[in-house]
Amino acid sequence: MLKRTHNCGELRLADVGSAVRLCGWVRSYRDHGGVVFVDLRDREGITQVVFGVPDDDSEAAQQQYKLARALRHEWVISIGGEVGPRGEERNNPKLATGEIEVLCNELVLLNRSDAVPFEPDEYHTTSEENRLKYRYLDLRRPEMTKALRLRHQICRVMRNTLDEHDFVEVETPFLTRSTPEGARDFLVPSRMQFDSFYALPQSPQLFKQILMVGGLDRYYQVVRCFRDEDLRADRQPEFTQLDVELSFCSEQDVMDITNQVLRNICELCDKPFPADVPVIDYDESMRRFGTDRPDLRFGMELVDISDLASQTEFGVFNGALGSGGVVQCVVIPGGAVMTRKETDGLANWSKEFGAKGLANTKVAAGKTLETGVAKFLTPIAEELIERTGANEGDLICFGADTKKIVQRVLGELRSKMARERDLVPPGEFKWVWVVDFPLVEYNEDMKRLDVLHHPFTSPNMDDWETKQDTPTEMKSRAYDIVCNGMEMGGGSIRIHQPELQRKVFDLLDIGKEEAEEKFGFLLNALRYGAPPHGGIALGLDRVVMTMIGAHSIRDVIAFPKTQRGSCPLTNAPAAVDEQQLTDLDLKILTPPAEKQ
RNA sequence: GCGGCGGUAGCUCAAUUGGUUAGAGCCCUGGACUGUCGAUCCAGAGGUUGCGAGUUCGAGUCUCGUCCGCCGCGCCA
């Protein structure tokens with residue numbers, strides 16, 4: 001194998017005259033009969049290679065030119081030749097190497113390629129399914145190569161930053177035990193103990209806490225996590241976290257080190273990162289944005305008008321208020337241009353989030369309201385416009401329901417409208433910490449309290465001591481880092497005293513026996529001198545997505561799964577041999593035909 | 001589990017109200033061409049319209065079912 005002297009992205013005018021050897025894939029070819037051009041691609045770029053009619057009549061030279069004319073898309077070749085200038089009128093400004101070309105004097109065919117289902121260049125697109133099925137072709141696209149290489153660099157920055165702060169990377173088990181609550185576990189049957197199962201970790205949460213008890217002091221890990229839940233554009237069944245845990249720390253210590261990691265990542269990616277990341281508490285975020293992951297790139301905040309609404313004769317408003325609900329609104333700048341069909345569509349869309357509908361009105365000239373529910377709003381029109389700051393040409397959308405539903409719907413509406421109506425300033429990155437989450441919330445369906453973060457999160461101790469009778473008012477010591485409306489990570493100060501942990505389990509109605517059975521090992525560990533500790537986990541996939549502006553998490557993962565959790569490349573998941581089932585003492589109960 | 005959108009040549013798409021032999025570009029094959037750069041020109045090959053029923057004289061088109069993909073809801077402590 002003849003060694004490359006250069007890659008396909010680095011030759012410049014200064015190299016003219018050099019003898020070089022390049023290897024790569026035929027991205028395109030242009031056969032003019034007497035001269036053949038090949039654009040040769042590797043991960044670094046594209047270089048034009050020129051094959052001219054050979055001067056000598058030797059068999060070898062003729063054969064080589066014949067081969068050059070036979071080259072097709074994605075064939076793999078090695079070429080030797082001399083770098084030549086293209087000359088001003090022949091430069092290709094689209095290529096970094098566009099001022100030179102390599103005049104080939106030796107061509108070696110390393111491999112042929114079948115006709116490709118799609119050409120991996122910027123001009124051709126194909127279905128998501130095809131991209132995954134032929135992922136090796138898709139990965140040759142510069143965009144994908146770039147994404148994976150940036151992901152690598154981001155990982156390196158994470159490791160370097162934490163290494164500089166004396167963190168130790170420790171691996172934790174993938175084969176572990178199933179723990180209750182949280183997401184559904186992926187199970188792995190045990191052969192040696194045929195009636196038992198391992199579970200793949202949803203996160204290394206318990207192990208990293210035990211590492212703190214073990215005196216590691218500062219731990220991190222770039223680690224795969226597994227959750228068997230349905231997929232979304234930003235969710236895969238296996239995803240990667242930067243998992244971090246520190247001993248003897250406060251919230252501020254965790255936030256400081258996280259900010260440092262993110263700052264270095266943003267510097268790498270040439271994106272801004274603020275000297276001071278804003279911090280808002282959960283209640284404020286819910287009140288102003290209707291969500292715990294606010295997008296601060298635009299305004300359109302929620303405005304409560306319950307007091308004004310009660311002065312109207314509008315049944316929808318009064319009905320909501322009468323049953324203890326609220327009336328709030330969001331102003332959509334320029335939204336008055338929306339048609340009746342479009343606003344009806346919004347009302348229908350709002351039902352996905354539990355709303356009964358979405359009243360609206362338009363702000364017309366002279367600060368008057370028109371269309372929609374305008375006729376009900378006459379008595380409050382002036383003050384409504386004043387309070388919301390709405391302008392002529394805006395659309396005001398109202399939510400009237402329980403506070404929870406109204407915040408949810410208007411929060412979603414705010415994001416949707418900003419996105420769809422181009423109200424998001426391009427190129428902005430708005431980071432924000434959301435803190436003081438409630439410790440628990442009441443689960444209406446199950447008639448019990450559920451944790452917001454996880455059951456090892458420390459309560460705010462003042463609240464814990466004073467609000468035992470109203471647990472939903474207690475705050476926890478949890479925090480989330482959010483960028484542009486996407487949750488990038490979250491963590492908390494943990495409980496390090498076994499007595500408190502036990503009491504929190506009690507609050508969650510996790511019985512003594514169950515706690516002992518499922519979390520006994522953690523409770524035991526806490527009894528042997530567990531230091532105060534806390535940490536965070538950042539979603540690597542989402543950080544990379546944000547940095548490159550990807551719309552799908554699949555675009556930053558080399559081999560992702562489809563929405564139904566299958567892999568078109570390998571056809572996983574797949575049936576296994578009968579013998580494998582026998583070894584595990586497993587039996588498929590539903591015959592394949594009935595599953596459909 | 002539910003809702004929305006989609007599935008026609010290897011790829012991207014078209015096909016009037018349900019009406020003749022389902023077309024075009026790219027790719028591929030053969031040919032022409034000494035400066036292209038998403039080369040161009042000529043010719044050719046290439047189809048179970050995702051799959052299965054139904055309605056009809058006639059279905060790519062209408063109906064039902066089903067599979068797959070994408071987006072969302074539920075779910076994701």
Side-chain angles (χ1 to χ4, degrees), chain A residues 27-40 46-53 65 69-70 72-74 84 86-87 89-95 97-98 101 103 113-134 137 179-185 202-203 205 225-237 239 345 348-355 408-409 412 416 437 439-441 443 445-446 448-457 476 478 487 490 492 504 508 510 539 551-552 554 561-566 568 595-596:
Chain A
R27 191 193 80 126
S28 64
Y29 56 91
R30 296 174 290 280
D31 179 358
H32 288 248
V35 61
V36 179
F37 300 96
V38 164
D39 286 347
L40 192 65
I46 294 164
T47 299
Q48 173 164 288
V49 180
V50 187
F51 302 87
V53 177
Y65 188 64
R69 297 192 65 184
R72 291 295 177 269
H73 288 99
E74 301 307 313
R86 291 211 199 179
E89 64 283 4
R90 291 176 185 170
N91 286 347
N92 184 350
K94 289 186 195 169
L95 297 181
T97 61
E101 61 194 2
L103 308 161
S113 168
D114 284 356
V116 289
F118 59 92
E119 287 165 53
D121 61 33
E122 67 270 38
Y123 301 108
H124 293 82
T125 55
T126 186
S127 66
E128 190 84 29
E129 197 179 1
N130 258 335
R131 290 179 55 199
L132 296 186
K133 182 172 177 185
Y134 302 97
L137 295 179
T179 51
E181 302 192 74
R184 194 176 293 111
D185 283 323
Q202 295 176 28
S203 81
Q205 180 61 34
C225 303
F226 306 87
R227 296 180 188 176
D228 188 6
E229 296 293 348
D230 287 354
L231 277 36
R232 291 289 186 278
D234 60 354
R235 263 165 40 191
Q236 281 275 303
F239 60 97
N348 201 40
W349 162 86
S350 75
K351 290 172 185 167
E352 277 181 34
F353 308 100
R408 175 89 201 275
V409 171
E412 294 284 350
K416 179 186 170 77
F437 281 76
L439 181 68
V440 293
E441 67 181 349
N443 182 328
D445 299 331
M446 305 297 285
R448 62 154 198 246
L449 294 171
D450 281 346
V451 281
L452 256 79
H453 194 50
H454 57 54
F456 320 108
T457 299
S476 72
E487 183 192 330
S492 63
V504 169
L508 298 171
I510 298 175
H551 294 292
S552 166
R554 293 181 298 278
K561 308 255 184 311
T562 69
Q563 198 174 45
R564 286 188 72 255
S566 56
K595 268 166 78 178
Q596 311 298 337

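In the text below, chain A, chain B and the rest are named by the order of the sequence lines, each starting its count at 1.
- At B/U36, none of the side-chain N or O atoms of A/R86 fall inside 4.0 Å of OP1 or OP2 (strictly under the cut-off).
- B/G18 and B/G58 have their C1' atoms separated by 8 Å, with the value rounded to a whole Å.
- Rounding to whole angstrom units, CD of residue A/Q563 and P of B/G6 are separated by 16 Å.
- Mapping A/D450 and A/S552 onto RNA chain B by nearest heavy atom places A/S552 closer to the 5' end of the strand.
- The partner of B/G35 cannot be assigned: no Watson-Crick or G-U wobble pair with both contacts below 3.5 Å exists in any strand.
- Between the side chain of A/Q236 and the backbone N or O of A/K561, at least one donor-acceptor pair lies under 3.5 Å.
- B/G74 and B/C2 have their C1' atoms separated by 8 Å, given to the nearest Å.
- As judged by a 4.0 angstrom heavy-atom cut-off over every strand, A/N91 is placed among the base-contacting residues.
- Counting atom types as modelled, A/E101 pairs a side-chain N or O with a base atom of B/G35 as donor and acceptor under 3.5 Å.
- For the OP1/OP2 pair of B/G69 and a distance below 4.0 Å, the side-chain nitrogens and oxygens of A/R131 include no atom meeting the criterion.
- Base-pair partner of B/G60: not found among the strands shown (Watson-Crick or G-U wobble, both distances under 3.5 Å).
- Of the P atoms belonging to B/U36 and B/U29, the separation is 24 Å, rounded to the nearest Å.
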Next item on the list: Assess whether side chain to side chain contact (heavy atoms under 4.5 Å, CB included) is satisfied between A/V36 and A/Y65, documenting all intermediate values.
Entry: CA-CA 9 Å; A/V36 179; A/Y65 188 64; 3.8 Å; yes
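- Atom-to-atom, CG of A/L231 to P of B/C68 comes out at 14 Å; the value is rounded to the nearest Å.
- The gap from the C1' atom of B/C70 to that of B/G31 amounts to 43 Å, rounded to the nearest Å.
- Pair assignment for B/G72: B/C2, on the basis of Watson-Crick or G-U wobble contacts that are both within less than 3.5 Å.
- Each of B/A77, B/G69, B/G74 was ranked by its minimum atom distance to the side chain of A/Q205; first place goes to B/A77.
- In this entry the distance linking CD of A/E129 with P of B/G7 reads 14 Å, nearest Å.
- The side chain of A/R69 lies closest to B/C33, out of B/C33, B/G35, B/G72.
- A/F353 has its CZ atom 5 Å from the P atom of B/C73, to the nearest Å.
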Next item on the list: Kindly determine whether A/R235 and A/D230 satisfy salt bridge (Lys or Arg N to Asp or Glu O under 4.0 Å), including the steps that lead there.
Entry: CA-CA 8 Å; A/R235 263 165 40 191; A/D230 287 354; over 6 Å; no
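- For B/A24, the paired base is B/U12 (Watson-Crick or G-U wobble, both distances below 3.5 Å).
- Across all strands shown, B/A77 remains unpaired; no Watson-Crick or G-U wobble contact has both distances below 3.5 Å.
- The base of B/C76 sits with one of its N or O atoms less than 3.5 Å from a complementary donor or acceptor on the side chain of A/R235.
- Nearest-nucleotide positions on RNA chain B place A/L103 closer to the 5' end than the other of A/R408 and A/L103.
- Rounded to whole Å, the P atom of B/G3 lies 24 Å from the corresponding atom of B/U8.
- Contact annotation for A/Q48: base contact, defined as any heavy-atom pair under 4.0 Å involving a base atom.
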Next item on the list: Could you give me the CA-CA distance, side-chain angles and deciding distance for A/Q202 and A/E229, then say whether side chain to side chain contact (heavy atoms under 4.5 Å, CB included) is met?
Entry: CA-CA 11 Å; A/Q202 295 176 28; A/E229 296 293 348; over 6 Å; no
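- Between A/R232 and B/G72 there is no side-chain polar atom (N or O) within less than 4.0 angstrom of OP1 or OP2.
- Across all strands shown, A/P117 has heavy atoms under 4.0 Å from sugar-phosphate atoms exclusively, and none from any base.
- The NZ atom of A/K351 sits 16 Å away from the C1' atom of B/G72 (whole-angstrom rounding).
- Between B/C71 and A/R554, a contact under 4.0 Å exists linking OP1 or OP2 to a side-chain N or O.
- Atom CZ of A/R227 is separated from atom P of B/C75 by 16 Å (rounded to the nearest Å).
- Considering all non-hydrogen atoms of both residues, A/F118 and A/N130 come closest at CE2-O, 3.7 Å.
- Applying the salt bridge (Lys or Arg N to Asp or Glu O under 4.0 Å) definition to pairs two or more places apart or across chains, those involving residues 115-127 of chain A are A/R27-A/E122.
- Comparing atom distances between the A/H454 side chain and each of B/U34, B/A77, B/U36 picks out B/A77 as nearest.
- With both ends at atom C1', the span from B/A59 to B/G52 equals 15 Å, rounded to whole Å.
- Distances shown here put a side-chain N or O of A/S566 below 4.0 Å from the OP1 or OP2 atom of B/G69.
- Proximity note for A/N130 (side chain, C-beta onward) versus B/C73, B/A77, B/C11: the nearest is B/C11.
- The aromatic ring of A/F118 is not stacked on the base of B/C11, since the criterion of ring centres less than 5.5 Å apart with planes inclined by under 30° is not met.
- For the OP1/OP2 pair of B/U12 and a distance below 4.0 Å, the side-chain nitrogens and oxygens of A/T126 include at least one atom meeting the criterion.
- Between B/C26 and B/G44, the distance separating the two C1' atoms is 16 Å to the nearest Å.
- Proximity of a side-chain donor or acceptor of A/E74 to a complementary backbone N or O of A/S113 within less than 3.5 Å is not detected.
- Side-chain atoms of A/T47 never come within 3.5 Å of backbone atoms of A/L40 as a donor-acceptor pair (strictly under, hydrogens ignored).
- Judged by distance alone, with hydrogens and angles left aside, the side-chain atoms of A/R72 form no donor-acceptor pair with the main-chain N or O of A/A115 at under 3.5 Å.
- Taking the C1' atoms as reference points, B/U17 lies 36 Å from B/C27, given to the whole Å.
- Across all strands shown, B/U29 is found opposite B/A43 as a Watson-Crick or G-U wobble partner, with both distances under 3.5 Å.
- What separates CD of A/Q236 from C1' of B/C70 is a distance of 13 Å, to the nearest Å.
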Check: Which parts of nucleotides 38-47 of chain B does protein reach within less than 4.0 Å, heavy atoms only, written one letter per nucleotide 5' to 3' as B for base, S for sugar-phosphate only and - for none?
Finding: BB--------
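- Between the CG atom in A/L103 and the CZ atom in A/F51 there is a gap of 10.5 Å [rounded to 0.5 Å].
- Listed by chain and residue number, A/N443, A/R448 satisfy the side chain to side chain donor-acceptor pair (under 3.5 Å) test with A/D450 (two or more places apart in sequence, or in another chain).
- If you check every strand for non-hydrogen atoms under 4.0 Å, A/E119 touches sugar and phosphate atoms only.
- Nearest to the side chain of A/E229, among B/C75, B/G10, B/C27, sits B/C75.
- The side chain of A/R564 lies closest to B/G69 when the candidates are B/U34, B/G1, B/G69.
- Taking atom NZ of residue A/K133 and atom P of nucleotide B/G10, one finds them 11 Å apart after rounding to whole Å.
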